[in-house]
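A short worksheet on the structure shown next.
Indexing begins at 1, ligand by ligand and atom by atom, following the structure's order.
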Amino acid sequence: MKQKIVLAYSGGLDTSVSIKWLQEKYGADVVTLTLNLGQKEDFKEIEERAYSTGAVKHFQMDAREEFAKGYVFPSIKANGMYQGRYPLATALGRPLIATKLVEVAESEGAHAVAHGCTGKGNDQVRMDVTVRSLNPSIRVIAPVREWNMSRDAEIVYARKHGINIKPKKSVFSTDQNLWGRSIESGPLEDPDTEPPPEAFEWVSAVDASPDSPGYLTIGFEAGLPVSLDGRKLDGVELIRRVNEFAGKHAYGIVDHIEDRLVGIKSREVYECPGALAIIEAHRDLEQLVLTRTELAFKAAVEREWSWLVYSGLWMEPLRFDLDAFIGETQKRADGEVRLKFHKGGMRIVGRSSPNSLYRLKLSTYSKESTFDQNSAVGFIELWGLQSRTAASAAASKTRGRTQREQHTERKQNQAVK
Ligand code: ARG
């Protein structure tokens with residue numbers, strides 16, 4: 001019986017060429033798998049291309065809800081953000097794709113899975129590590145990493161094998177899902193060149209955005225967004241709507257220099273209006289309900305969590321341990337946050353929670369205040385005690401040295417005479 005390989009198939013040039021290449025090189029049957037993670041694609045067309053290129057079987061799965069609940073939601077609770085800027089959209093999608101590849105490989109009796117990641121990026125690490133943690137007996141093949149063909153060579157190969165390739169719409173290399181769109185290559189490879197307008201699909205140009213501000217109220221329960229303007233929505237629909245609303249107001253572009261896991265610095269551009277807005281709102285709510293100590297500790301946990309996810313260690317036990325801590329902190333994260341969008345900017349203009357730690361009677365400057373200002377005096381006395389002690393020790397040391405130096409100088413002068 002022929003061996004089988006399950007290929008993660010996007011319908012693009014790399015993975016279409018991979019179908020033929022895997023058949024030729026391994027003499028195997030190729031089963032293709034395409035997941036809907038909320039990207040805007042014509043899935044029917046992808047299926048047709050898979051079959052016309054030689055797949056023996058094609059799987060198309062709608063994994064949007066699983067992606068939202070199992071991957072994006074934990075990231076919202078963790079305020080997941082790599083290097084403070086990137087909300088991890090692609091990084092969160094990869095372990096789910098890897099998980100589905102393993103599921104299909106097991107049900108189809110395949111000995112290997114394959115993906116179209118290059119040898120220069122993070123995605124190969126995320127895919128390989130996840131597949132191998134889930135089922136070490138399944139082999140992972142990465143044709144693009146192995147074959148070393150340039151894009152032109154791939155086109156020649158595709159023509160030679162009669163592969164019907166989709167005419168490329170743009171010079172950019174992109175990846176998208178519900179949580180964001182990653183844009184690379186073409187003119188973006190020069191970090192000093194402003195991204196041209198045609199790089200963007202989710203976020204409007206400032207000039208084309210509405211003249212008056214738009215408001216959105218996001219309701220949270222236990223750290224998760226559950227409603228927009230008072231209306232309950234499921235995760236997929238809620239995120240989709242925030243993307244649309246914020247994007248229309250020209251909000252949601254990230255342009256930064258990013259450190260890839262393999263050591264390369266790269267210029268990355270993202271459109272992630274929903275992710276940025278929801279995380280900002282979530283952070284703001286946490287600021288209202290968590291203590292200063294919790295917030296400081298959680299910030300360190302968030303950094304570590306984001307690093308694990310970025311670097312392909314979704315399956316690392318520490319990630320689950322951190323999720324447990326984060327989950328505890330989210331029990332009080334209920335409330336509403338009001339966001340104001342205008343001409344590419346966003347500001348949070350209101351927040352409320354049944355678990356708020358804000359006490360008007362303590363913070364007010366009016367005469368209703370219950371805060372005893374005299375108690376601050378004793379507090380300041382002790383709070384500054386070590387700073388004062390250190391400052392006086394430093395001052396007396398300086399005086400001491402000067403006296404010694406003066407003494408030595410006098411002695412030397414006497415000796416000369
Ligand atoms: N630099 C981002 C990341 O590592 C985006 C990767 C985009 N991937 C892609 N295949 N175009 O998550």
Around atom 2 (C) of ligand 1, find the nearest protein heavy atom and jot down its residue, atom name and distance. Y270 OH, 3.1 Å

With K100 via salt bridge (Lys or Arg N to Asp or Glu O under 4.0 Å) - residues at least two apart: E66, E103

Is a side-chain N or O of T53 found less than 3.5 angstrom from the main chain of R49, in a donor-acceptor match? yes

State if R94 counts as touching ligand 1 under the rule of any non-hydrogen atom under 4.0 Å. yes

Can a donor-acceptor pair be found between the side chains of T15 and S10 at a distance below 3.5 Å? yes

What part of E184, side chain from CB on, backbone N/CA/C/O, both or neither, has a heavy atom under 4.0 Å from ligand 1? side chain

Look at atom 4 (O) of ligand 1 and say which protein heavy atom is nearest, naming residue and atom and giving the distance to 0.1 Å. N122 ND2, 2.6 Å

For R126 and ligand 1, answer yes if some heavy atom of the residue is under 4.0 Å from a ligand atom, otherwise no. yes

For atom 10 (N) of ligand 1, what's the nearest protein heavy-atom neighbour? Residue, atom name and distance, please. D123 OD2, 3.2 Å

Salt-bridged, K77 to E286, with N to O below 4.0 Å? no

What do you reckon, does Y82 put a non-hydrogen atom under 4.0 Å from ligand 1? no

Should the pair R151-E154 be classified as a salt bridge under the 4.0 Å nitrogen-to-oxygen rule? no

Just one of H58, E47, E41, M61 clears the side-chain contact (heavy atoms from CB on, under 4.5 Å) bar with T34, so which one? H58

